[in-house]
Amino acid sequence: MTDSVIQFSDLALNDSILSALDGMGFVSPTPIQAAAIPHLLAGKDALGKAQTGTGKTAAFSLPLLNKIDLDQRKPQAIVLAPTRELAIQVAAEVKNLGKNIAGLKVLEIYGGASIVDQMRALKNGAHIVVGTPGRVQDLINRDRLHLDEVHTFVLDEADEMLNMGFVDDVTEIMEHAPSSAQRVLFSATMPPMLKNIVERFLRDPETIDVAGKNHTVDKVEQQFWVVKGVEKDEAMSRLLETEETDASIVFVRTRQDTERLADWLSARGFKASALHGDIPQSLRERTVDHIKQGVIDILVATDVVARGLDVPRITHVFNYDIPFDVESYIHRIGRTGRAGRKGKAILLVRTNQLRMLRTIERVTKSSMEEIQLPHRDKVAEARLAKLGAELETEKEHKALEKFSELVEKLQESLELDAATLAAILLKRQQGKRPLFYIGEDPMIEAIERDKQRRKDRRENGRDGRDGRREGGRSFNTQDWDTYQLQVGREQGVQVKDIVGALANELGLTKGSIGAIKLAQGETYVQLPKAMSSETAGKLQKLRIRQKQVDAVVCDFNDFREPRRDGGRRDGGRRDGGYRGNRDGNREGGYRGNRDGNREGGYRGNRDGNREGGYRGNREGGRDGNREGGRRDGERRFDRNRGGDHRGNFRGERGHGRGNRSEG
């Protein structure tokens, strides 16, 4: 789809909104905005199918801001979002777009925050409410959120809302909507459940389909680095020094982080400034002018203030913090790759955030390249090269003759040769950014650890002919020695204590610890034969739970897991659980599961959970507490909180148990 040729000034928006758009540098609407705004301004219901990152927030925000009555204290628009992060983000963008509307009140409500504060804010008045379905419905039920004056309902990322299980809340909220209210729904996909809501609640909606591929990602080279070895501040410093940047934006999540990181970078010689929503508008404009003019090279910014920022010299976007959603990511990287230039985006991601990274790749239909952080020596080389380039430009300076005389005087007074004097001056020149490093680079150590872990996983994951797999680990006696440690269950020792001590005190990785067999007075553990003498020495001094372990090599090799039934093949359960599972399929369990489809389980499932399942859910927890032992009843009651299907299953099982005891 080609870019829209109309401008915001061509749309029927009031002057306060147009002035805000102009101040943010927005001139032309995106395709979804150009298609949706005229219909929404006309008051029509709308179904927008738009990929995230296409500007849909402004598409529905601008029309509803255009018809806000500031004299009306009750909410006039309800915007539902699937997550608290998106609700916060949407509310922030609505506030930003309506910043020139004096007296506008936008309130975000979501779970996890004080509902008392939210009720107080509603009592004080709010024109627009942005919230998650669960909390919105809660406040409606408490009679604190009134919808009788609402003229616009918006469902943002509706498919995601339904995927997260909010279908009942969304349905109830829409049922409360006044019949005259405008309904607007935006979604990237249209699953059957969502089609039902559209058919039920939207009246002859205008369909706006701009779900084509978002081309922002095509213009930007995307890479990511998994945080390891060094802190993210140090990582940012290395990337900024080794990447061929002109100007950059570093995105963080909070205002505090913008100021902290900008100060940290400035103290190390970078020309950096913070940019966030609490900075006065005049200072924000001055900061943007400074990066345009080259006074500063790095903006450390939050999402909202950087939206719409158009600075052609921005070559790199660094995602110091991974965004909460894909739309934010697309907006971020859209700040580079402008004016026909190729941009680059680098994401710093922790291992527990890799799922979000894969989501970004899937939604944007792109692939990110994993990179390794430059080693310190490479950073030092980059610094020296930069210094050399700066000195190159000074070779022909007319004042050098005077400085040459100073050099001669200093050599004479300090009794130094020229090389030593130059070395001293270079040392002073480097400041807090060394031109060379002494000692090992923690990044190299981290990379080596990763290589070792991968090697250990490959070796331990292989089912060798001379080893055997127990619980996913290969116990190959050719590679391991078995040590007897003089601590066991009698001393209160657990397997986690053994692993923790070996990892922390000996520095062994998980892959370097083999099988562990915990006995009453001792423990047997497999350790690599190729242990260094230093590690072996630490092992001899090892203490666990304040007791010396006195590790000695032995020939024990029976690491098979003991049977939970104590070793009896019949499990010792002929009178109990075993009967219920095998013989007892005649007495208890079988009756409950086969016959019992007539007596227990079937009755519970077929007769509306009256006899089996319902009794298991309703009476099983209560009677189980009273008759079958309080501890067991409580445990079953807690687990029933997970869902009705679990309760039904326990109802069947409980009923079978009842049949067994009665038989």
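Because only heavy atoms are used, hydrogens play no part in the values below, and waters and symmetry mates are left out as well, while side chains stay in.
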Novice: In chain order, what residues pass the side-chain hydrogen bond (donor to acceptor under 3.5 Å, both in side chains) check against S266, with sequence neighbours excluded?
Specialist: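 S266 satisfies side-chain hydrogen bond (donor to acceptor under 3.5 Å, both in side chains) with no other residue.
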Novice: Is the NZ or CZ atom of R260 both under 6.0 Å from the centre of the six-membered ring of W264 and within 45° of that ring's axis?
Specialist: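 No - R260 does not lie over the ring of W264 by the 6.0 Å and 45° rule.
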Novice: To the nearest 0.5 Å, what is the distance between NE2 on H290 and CG on L299?
Specialist: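 Atom-to-atom, H290:NE2 and L299:CG are 11.0 Å apart.
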Novice: Minimum heavy-atom separation for R332 and P323, please, with both atom names.
Specialist: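 Looks like NH1-CD, 3.5 Å.
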Novice: CE/M161 to OG1/T83 distance, rounded to the nearest 0.5 angstrom?
Specialist: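 The CE atom of M161 sits 9.5 Å away from the OG1 atom of T83.
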Novice: How would you list, by chain and number, every residue that makes a side-chain hydrogen bond (donor to acceptor under 3.5 Å, both in side chains) with E392, sequence neighbours excluded?
Specialist: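 K395.
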Novice: What is the minimum heavy-atom distance between P133 and A81, and which atoms define it?
Specialist: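 So the two residues come closest at CD-O, 3.3 Å.
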Novice: Can you list the residues that meet the side-chain hydrogen bond (donor to acceptor under 3.5 Å, both in side chains) rule with T359, with sequence neighbours excluded?
Specialist: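 Not a single residue meets the side-chain hydrogen bond (donor to acceptor under 3.5 Å, both in side chains) criterion with T359.
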Novice: I'd like to check T420 versus L414 (side-chain heavy atoms, cut-off strictly below 4.5 Å). Are they in contact?
Specialist: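 Sidechains of L414 and T420: no contact.
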Novice: May I ask you to decide if V252's main-chain N or O and D257's side chain share a donor-acceptor pair within less than 3.5 Å?
Specialist: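 Not a single qualifying donor-acceptor pair exists.
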Novice: Answer yes or no: is there a side-chain heavy-atom contact under 4.5 Å between H397 and F403?
Specialist: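 Sidechains of F403 and H397: no contact.
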Novice: Under the criterion side-chain contact (heavy atoms from CB on, under 4.5 Å), which of I314, I249, D246 is the partner of T336?
Specialist: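 Per the side-chain contact (heavy atoms from CB on, under 4.5 Å) rule, the option paired with T336 is I314, out of I314, I249, D246.
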Novice: Working to the nearest 0.5 Å, report the span between CG of L357 and CG of N319.
Specialist: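 The distance works out to 10.0 Å.
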Novice: Is there side-chain contact between T351 and K228, with at least one heavy-atom pair below 4.5 Å?
Specialist: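 Sidechains of K228 and T351: no contact.
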Novice: Identify the heavy atoms of A235 and W225 that sit nearest to each other, and give their distance.
Specialist: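 Looking at all heavy atoms of both residues, the shortest contact is CB-CZ3, 3.4 Å.
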Novice: Not counting sequence neighbours, which residues clear salt bridge (charged side-chain N to carboxylate O under 4.0 Å, His left out) with E361? List them please.
Specialist: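 R358.
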Novice: Measure the shortest side-chain to side-chain distance between L265 and L240 over non-hydrogen atoms and say whether it is less than 4.5 angstrom.
Specialist: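 Side chain of L265 against side chain of L240, heavy atoms only: contact under 4.5 Å found.
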Novice: Give the intermediate values and the outcome of side-chain contact (heavy atoms from CB on, under 4.5 Å) for residues L527 and L539.
Specialist: CA-CA 10 Å; L527 298 176; L539 177 61; 3.9 Å; yes
Novice: Assess whether side-chain contact (heavy atoms from CB on, under 4.5 Å) is satisfied between H316 and L239, documenting all intermediate values.
Specialist: CA-CA 10 Å; H316 285 64; L239 291 170; over 6 Å; no
Novice: Can you confirm whether V407 sits close enough to Q411 that some side-chain heavy atom of one is under 4.5 Å from a side-chain heavy atom of the other?
Specialist: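 Yes, at least one pair of side-chain atoms sits under 4.5 Å.
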Novice: For R313 and I291, indicate whether the former's side chain and the latter's backbone hold a donor-acceptor pair under 3.5 Å.
Specialist: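 Checked: pair present.
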Novice: Using the side-chain contact (heavy atoms from CB on, under 4.5 Å) rule, take D297 and T245 through it: C-alpha gap first, then chi angles, then the decisive distance, then the call.
Specialist: CA-CA 9 Å; D297 295 326; T245 65; over 6 Å; no
Novice: For Y320, is there any backbone N or O sitting under 3.5 Å from a side-chain donor or acceptor partner on K232?
Specialist: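 Looks like yes, one N/O pair under 3.5 Å.
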Novice: Could you walk me through whether Q222 and Y329 pass side-chain contact (heavy atoms from CB on, under 4.5 Å), step by step?
Specialist: CA-CA 11 Å; Q222 299 174 79; Y329 176 80; 2.6 Å; yes
Novice: Mind listing the side-chain donor-acceptor pairs of residues 270-279 below 3.5 Å, one per line with the distance, residues two or more places apart or on another chain?
Specialist:
unit_1, atom_1, unit_2, atom_2, d
H276, ND1, D278, N, 3.1
H276, NE2, E259, OE2, 2.9
D278, OD2, R255, NE, 3.0

Novice: Rounded to the nearest 0.5 Å, what's the gap from CZ on F224 to CD1 on I360? Could you check?
Specialist: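 Nearest 0.5 Å value for the CZ-CD1 distance: 11.0 Å.
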Novice: Which heavy atom of Q7 sits nearest a heavy atom of S28, and at what distance?
Specialist: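 Closest approach of Q7 to S28: CG-OG, 4.0 Å.
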Novice: Got a sec, which residues hit side-chain hydrogen bond (donor to acceptor under 3.5 Å, both in side chains) with K402, two or more places apart in sequence or on another chain?
Specialist: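 Partners of K402 by the side-chain hydrogen bond (donor to acceptor under 3.5 Å, both in side chains) criterion come out as none, since no residue qualifies.
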Novice: Within the 4.5 Å heavy-atom criterion, are K99 and M24 side-chain neighbours or not?
Specialist: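 A side-chain contact under 4.5 Å exists here.
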Novice: Which distance, rounded to the nearest 0.5 Å, do you find between the CG of D156 and the CZ of F60?
Specialist: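 D156 atom CG to F60 atom CZ measures 4.0 Å (nearest 0.5 Å).
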Novice: Spell out, as yes or no, whether a donor-acceptor pair under 3.5 Å connects the side chain of R135 to the backbone of Q118.
Specialist: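 Absent.
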Novice: Short question: side chain of R253, backbone of I322 - any donor-acceptor pair under 3.5 Å?
Specialist: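 Between the backbone of I322 and the side chain of R253 there is a qualifying donor-acceptor contact (under 3.5 Å).
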Novice: Side-chain contact test, heavy atoms from C-beta onward, threshold under 4.5 Å: evaluate it for L283 versus T287 and give yes or no.
Specialist: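 The answer is yes; the side chains approach within 4.5 Å.
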Novice: Rounded to the nearest 0.5 Å, how far apart are CZ of F318 and NZ of K344?
Specialist: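 One finds 8.0 Å between CZ of F318 and NZ of K344.
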Novice: Given side chains that start at C-beta, do those of I513 and I498 come closer than 4.5 Å, heavy atoms only?
Specialist: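 Not touching, per the 4.5 Å side-chain cut-off.
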Novice: Can you name the nearest heavy-atom pair linking P29 to A34, along with the distance?
Specialist: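 Here P29 and A34 meet closest at CB-N, 3.9 Å.
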Novice: Answer yes or no: does atom CD of E244 have more than 12 heavy-atom neighbours from other residues, nucleotides or ligands under 6.0 Å?
Specialist: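 Result for CD/E244: open.
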Novice: Taking atom types as modelled and ignoring hydrogens, do the side chains of S61 and E93 form a donor-acceptor contact shorter than 3.5 angstrom?
Specialist: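 Result is no, nothing qualifies.
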Novice: Keeping Q33 on the side-chain end and T30 on the backbone end, is there a donor-acceptor pair under 3.5 Å?
Specialist: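 Yes; judged by distance alone, with no hydrogens or angles, the pair exists.
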Novice: Where is the tightest heavy-atom contact between L502 and L542, given as atom of each residue plus distance?
Specialist: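 Closest approach of L502 to L542: CD2-CD2, 4.0 Å.
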